[in-house]
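Please read the structure below before turning to the comments.
Naming: A, B, ... by sequence-line order, numbering from 1 per chain.
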Protein chains: 2
Amino acid sequence: MNDVPVTIKDVARELGVAHSTVSRAIHNDPRISAETRSRVLAMAEKMGYRPNAAARGLVCRRMQAIGLVIPAVADSFFGQITDGVDRVTYDAGFSLSLYVTHGELRRELDVLSRLSERRVDGLILMVRRLPRKLLLSLAEQPIPIVFVEPQVVGLGFDCVRVDNRDGERQAVRHLLELGHRRIAFISGPKDSRESRERLAGYREALLTAGVTPDPQLVLPGEYTEAAGAAAAQRVLEMPAEQRPTALVAFNDRIAIGAMSALQQAGLEIPRDMSLVGYDDILPATYVRPQLTTVHQPIEEMGAAAARLLIDRLSRRRGPRANRNGQEVLLRAALVQRQSTAPPGADRLGGFVGQGQGEEVIHSIS
Amino acid sequence: MNDVPVTIKDVARELGVAHSTVSRAIHNDPRISAETRSRVLAMAEKMGYRPNAAARGLVCRRMQAIGLVIPAVADSFFGQITDGVDRVTYDAGFSLSLYVTHGELRRELDVLSRLSERRVDGLILMVRRLPRKLLLSLAEQPIPIVFVEPQVVGLGFDCVRVDNRDGERQAVRHLLELGHRRIAFISGPKDSRESRERLAGYREALLTAGVTPDPQLVLPGEYTEAAGAAAAQRVLEMPAEQRPTALVAFNDRIAIGAMSALQQAGLEIPRDMSLVGYDDILPATYVRPQLTTVHQPIEEMGAAAARLLIDRLSRRRGPRANRNGQEVLLRAALVQRQSTAPPGADRLGGFVGQGQGEEVIHSIS
DNA sequence: ATGAAAGCGCTAACAA
DNA sequence: TTGTTAGCGCTTTCAT
């Protein structure tokens, strides 16, 4: 194989034409004669010519690459997001750069400061929480940025969101319909917008059903199984009359951790405690009982973000790259599996410990 | 914020120096005076100068980027590999491009053909099976390629491998020690080198223990839970006297699928069937009973590959980039959890259905 | 210690 | 329809 890469000039020389002719032929410039074009293309093919991305990027000011900024990859949720992004970017001929932040602000800032190295033409951003000030300066960037699940509503960025409030409402309604009244919420980090939205949905569903939310039943959490286990521990320590009969968790990892801890303590799920997750990550069906959870279209979230970005790249560039953003709003939907049942019942079909609730609640679509 | 990025020339003009001076100051060229250097650095900082990656890449012929070619991301195993790669590449100041192949040869070829676009300085490659011919041509490439888990021993590439044979041997030995004699192997794709190596370990362990391997007990598989479920189905259809008392699976996903199917059919694990996985992916502890499996240092595999690549990038370049490769060999180790027990016993401590085996087997370190 | 100038591989404006 | 030329932003000789 050739050692040194073939350039446009090599092809031109071989053919006795100007290198600009080769460039034009490659770009299907309409002014080039059909015959020349095919001669050029054939020779380029024969010599194994491939365009040099750096050179192209330098003059065109775009690298045909997009960046994905994400807290983790070895996490099913983010892995699926990445898959969705990749699918769309690959089909559109972009290459994909990965920036894993591990949720650290330092890393996030680092990525953003590298923005002007222009390695990528646009960014898909999943960050925990950026200082407002930074956010505003980001809006001025000439390169488009798409947020996934954001704190950025109203700032002009493109973004894709899922209706968290509605999703959690569905989860809680389901439990209410099963007859639960004491339902605890294991939250995510308090500074997370998603968590606040889901908490709002939880409270709303309770209030609608005439149940007064008990602040004691809102447990602090994080994103991990360990946080779920810790929260479960706290639940187990509650006096019997205070103890909830059902738990809704900010996400599946928390729910899975809680399930594990609860089972360890000898409880049987769902008989002794109902459990609802959020996300519907792949492992949600691994656990026993399989986790009832709120399904998010995870891959589609990534794909939608990528589409938004590529779409914008093909039109608006420069100073107004982050104005008048579109918002894609996706819906979440409850998936009933095996981790919920009426209080005291073995499975959904089992005996019902309490009545069906004081009032009719919307049926879940 | 500034609309158009600041260049080296802007900084130079502002300072009334030549742009080459700025370049030198930035690169800590020893010939530059300490004073000039600090003035330049300060001004660059003040103006928000960031080097343009494309321009640099064009003249230096390297992009400070490496590519990771991987079958999937939303798969715990590959996600962890990616994490390991990212950790090392990030620390070394490289950016990471992701190429997800979904195990399709088309995609793999596509990536390789883009090699000469020089977007990346080197490649970490995880592929199912490349035609020998292509492999050899790859070896001639001027850019270094590191294989993870390869079919490439002896071809000169850098590569990182795990001792599959030994790993599977440990798994089977464990089952033999528990008293199992009829042990089935659910394989991966037959053209996979890993699968063949693990199969060899399986047979070796059996033979060492004086058990004749039964070809009937080698079940075809794939990488997925579905394949595991299908294999389990086949096992369930076997007449009682032929049916194995334990299953070792090519990987955890298969084992998890099999566990699920077996439980669905009313078997209790490990009482009615012992189960051993391979990989020790995160979800291995999600299932009940928790999966006994062969732990691979997954993240470290990725990290080691990245180190190998970056190491090579800092020395050998050009035509001999893929000669005299180093091989990093990592070890796997059995992790006993809850999915294995003596035949007929509830847990490891339970009663033993059969004697402890005809001969002493190495203890497992 | 610094400036001037060439050139990396490519696209695009300007000529012809 | 094609050739010539001028950069893109940077590093790196070669002068000075």
Side-chain angles (χ1 to χ4, degrees), chain A residues 2-41 43-44 47-65 114 116-119 121 142 317-318, chain B residues 2-41 43-44 47-65 114 116-119 121 142 317-318:
Chain A
N2 269 328
D3 191 67
V4 42
V6 181
T7 75
I8 211 177
K9 279 190 179 167
D10 298 325
V11 178
R13 188 174 337 103
E14 202 71 20
L15 248 35
V17 300
H19 70 276
S20 52
T21 301
V22 175
S23 173
R24 287 190 193 105
I26 285 166
H27 288 277
N28 282 313
D29 189 310
R31 302 172 308 191
I32 225 81
S33 84
E35 198 229 321
T36 317
R37 179 179 4 263
S38 57
R39 275 179 60 223
V40 169
L41 261 30
M43 180 56 82
M47 300 178 70
Y49 168 78
R50 299 252 81 210
N52 178 311
R56 244 186 206 176
L58 183 55
V59 23
C60 299
R61 309 177 127 64
R62 36 206 197 81
M63 294 296 276
Q64 290 288 95
R114 280 170 199 226
S116 30
E117 290 183 10
R118 313 209 141 251
R119 285 179 182 282
D121 305 332
R317 333 194 96 277
Chain B
N2 269 330
D3 190 69
V4 40
V6 182
T7 76
I8 211 176
K9 278 189 181 169
D10 299 324
V11 178
R13 188 173 337 103
E14 203 71 20
L15 249 35
V17 299
H19 71 273
S20 49
T21 302
V22 175
S23 174
R24 287 196 271 256
I26 286 166
H27 288 276
N28 284 313
D29 189 308
R31 302 171 311 190
I32 227 80
S33 83
E35 198 229 323
T36 316
R37 176 175 12 260
S38 58
R39 275 179 61 224
V40 169
L41 260 30
M43 180 56 81
M47 299 178 70
Y49 168 78
R50 298 251 84 209
N52 178 311
R56 244 185 206 177
L58 183 55
V59 23
C60 299
R61 310 178 125 64
R62 37 203 196 82
M63 294 296 277
Q64 290 288 98
R114 279 169 199 229
S116 30
E117 291 183 9
R118 315 210 139 250
R119 284 180 183 281
D121 305 331
R317 332 193 99 278

> What closest approach, in Å, do A:Ala55 and B:Leu58 show between heavy atoms, and which atom pair accounts for it?
Replying inline: CB-CD1, 3.7 Å
> Would you say D:dG3 has OP1 or OP2 under 4.0 Å from some side-chain N or O of A:Thr21?
Replying inline: yes
> Tell me: CD of A:Glu35 to P of D:dT2, nearest whole Å?
Replying inline: 8 Å
>> Rounded at 0.5 Å granularity, tell me how far OG in B:Ser23 sits from CD1 in B:Ile32.
In response: 9.0 Å
> If we only count heavy atoms from C-beta on, is the B:Arg119 to B:Arg114 side-chain gap below 4.5 Å?
Replying inline: no
> With the sugar-phosphate defined as primed atoms, P, OP1 and OP2, and the base as all remaining atoms, what B/S/- string results for nucleotides 4-14 of chain C, 5' to 3', for protein heavy atoms under 4.0 Å?
Replying inline: BB--BBBBBBB
> Does A:Ile26 reach the side chain of A:Tyr49, with side-chain heavy atoms less than 4.5 Å apart?
Replying inline: yes
> Atom CG of B:Asn28 and atom C1' of C:dT2: how far apart are they, to the nearest Å?
Replying inline: 17 Å
> Would you say a side-chain N or O of B:Ser33 is under 4.0 Å from OP1 or OP2 of C:dT2?
Replying inline: yes
Could you give the side-chain donor-acceptor pairs of residues 4-13 of chain A under 3.5 Å, partners two or more places apart or in another chain?
unit_1, atom_1, unit_2, atom_2, d
A:Thr7, OG1, A:Lys9, N, 3.1
A:Thr7, OG1, A:Asp10, N, 3.3
A:Thr7, OG1, A:Asp10, OD2, 3.4
A:Asp10, OD1, A:Arg13, NH2, 3.2
A:Asp10, OD2, A:Thr7, N, 2.8

> Of all heavy-atom pairs between B:Ala54 and A:Gly57, which one has the smallest distance, and what is that distance?
Replying inline: CB-C, 4.1 Å
>> Tell me whether A:Arg37 contacts the main-chain N or O of A:Asp29 through its side chain, where contact means a donor paired with an acceptor under 3.5 Å.
In response: yes
> For the helix from C:dA1-D:dT16 to C:dA16-D:dT1, what is the angle between the axes at its two ends, each from 5 pairs, rounded to 10°?
Replying inline: 40°
> Can you tell me how far CD of A:Glu117 sits from CE of A:Met63, rounded to the nearest 0.5 angstrom?
Replying inline: 11.0 Å
>> Side-chain N or O of A:Thr36 versus OP1/OP2 of D:dT1: is the shortest distance under 4.0 Å?
In response: no
